[in-house]
Amino acid sequence: MNDKNLSFLLIDDFSPVRKVIKNSLNKLGYDNMTLATNGLEGKKLIIEKKFDCIISDWNMPVMSGIALLQFVRATQKRSQLKLMLVTTK
């Protein structure tokens with residue numbers, strides 16, 4: 001990924017993890033980021049906005065990262081969206 005204008009959606013229920021990922025991406029030159037605290041909030045943002053890449057926690061309350069991945073892959077127009085699941089466990 002060389003395009004510094006890529007838009008990221010960062011989803012994690014633990015704010016320190018969101019901050020670490022955000023700061024890491026900032027150090028790489030990326031600054032177009034939207035943050036969400038759970039999969040359902042992320043799902044709503046995905047419906048409303050276009051993102052190039054989603055980085056999501058695997059285990060979250062309300063809606064897990066796996067459920068979010070299933071939603072993204074089932075949504076035809078977003079099928080090419082890049083999605084990375086992470087966990088601190």
Side-chain angles (χ1 to χ4, degrees):
M1 289 186 196
N2 293 332
D3 186 356
K4 300 300 181 186
N5 294 318
L6 291 175
S7 60
F8 288 84
L9 174 59
L10 310 178
I11 309 167
D12 200 299
D13 58 315
F14 193 49
S15 64
V17 173
R18 286 192 310 269
K19 186 174 182 177
V20 166
I21 295 171
K22 182 180 183 293
N23 289 342
S24 296
L25 288 170
N26 283 148
K27 286 179 183 178
L28 293 170
Y30 299 103
D31 61 0
N32 186 2
M33 287 172 262
T34 303
L35 308 178
T37 60
N38 63 59
L40 185 58
E41 186 179 326
K43 178 180 175 180
K44 290 176 184 176
L45 287 166
I46 292 166
I47 292 168
E48 294 171 6
K49 295 175 65 178
K50 181 187 180 296
F51 296 98
D52 297 304
C53 183
I54 297 171
I55 301 174
S56 176
D57 187 11
W58 182 291
N59 295 313
M60 293 179 288
V62 184
M63 183 180 197
S64 71
I66 292 294
L68 181 71
L69 174 63
Q70 291 169 336
F71 162 76
V72 169
R73 294 301 179 228
T75 305
Q76 186 71 7
K77 67 181 182 178
R78 290 177 177 76
S79 62
Q80 298 303 313
L81 180 63
K82 307 294 186 262
L83 195 143
M84 178 189 303
L85 293 178
V86 296
T87 185
T88 57
K89 302 239 180 210

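All values derive from a computational prediction rather than experimental measurement.
Nearest heavy atoms, Leu45 versus Phe51: O-CE1, 3.5 Å. Counting all heavy atoms, side chain and backbone alike, Ala67 lies closest to Ser64 at N-OG, 3.1 Å. Minimum interatomic distance between Ser56 and Gly65 (heavy atoms only, all atoms of both residues): OG-CA, 3.9 Å. Pairing each heavy atom of Phe71 with each of Ile46, the nearest pair is CE2-CG2, 4.0 Å. Closest of all the heavy-atom pairs between Gly42 and Ile11 is CA-CD1, 3.8 Å.
Remark: Asp31 CG to Phe8 CZ distance equals 10.0 Å, nearest 0.5 Å. Going from atom CE of Met33 over to atom CG of Leu6 covers 11.0 Å, rounded to the nearest 0.5 Å. Rounded to the nearest 0.5 angstrom, Leu68 CG and Leu83 CG are separated by 6.0 Å. Taking CG of Asn59 as the reference point, atom CZ of Phe14 lies at 14.0 Å (rounded to 0.5 Å).
Considering only residues two or more places apart in sequence or on other chains, Asp13 meets the side chain to side chain contact (heavy atoms under 4.5 Å, CB included) condition with Asp57, Met60, Pro61. Take Ile21 and apply the side chain to side chain contact (heavy atoms under 4.5 Å, CB included) test, not counting sequence neighbours, and it matches Leu10, Val17, Leu25, Ile55, Val86.
Here side-chain hydrogen bond (donor to acceptor under 3.5 Å, both in side chains) pairs that include residues 33-42, with residues two or more places apart or in two chains, are Thr34-Lys49, Thr37-Glu41.
Criterion: ILVMFWY side-chain heavy atoms under 4.5 Å apart, direct or through other members. Under it, Val62 and Leu85 are part of a common hydrophobic cluster.
A donor-acceptor pair under 3.5 Å is formed between the side chain of Asp52 and the backbone N or O of Ser7. Of the possible donor and acceptor atoms, none in the side chain of Lys4 sits under 3.5 Å from a partner among the backbone N and O of Asn32.
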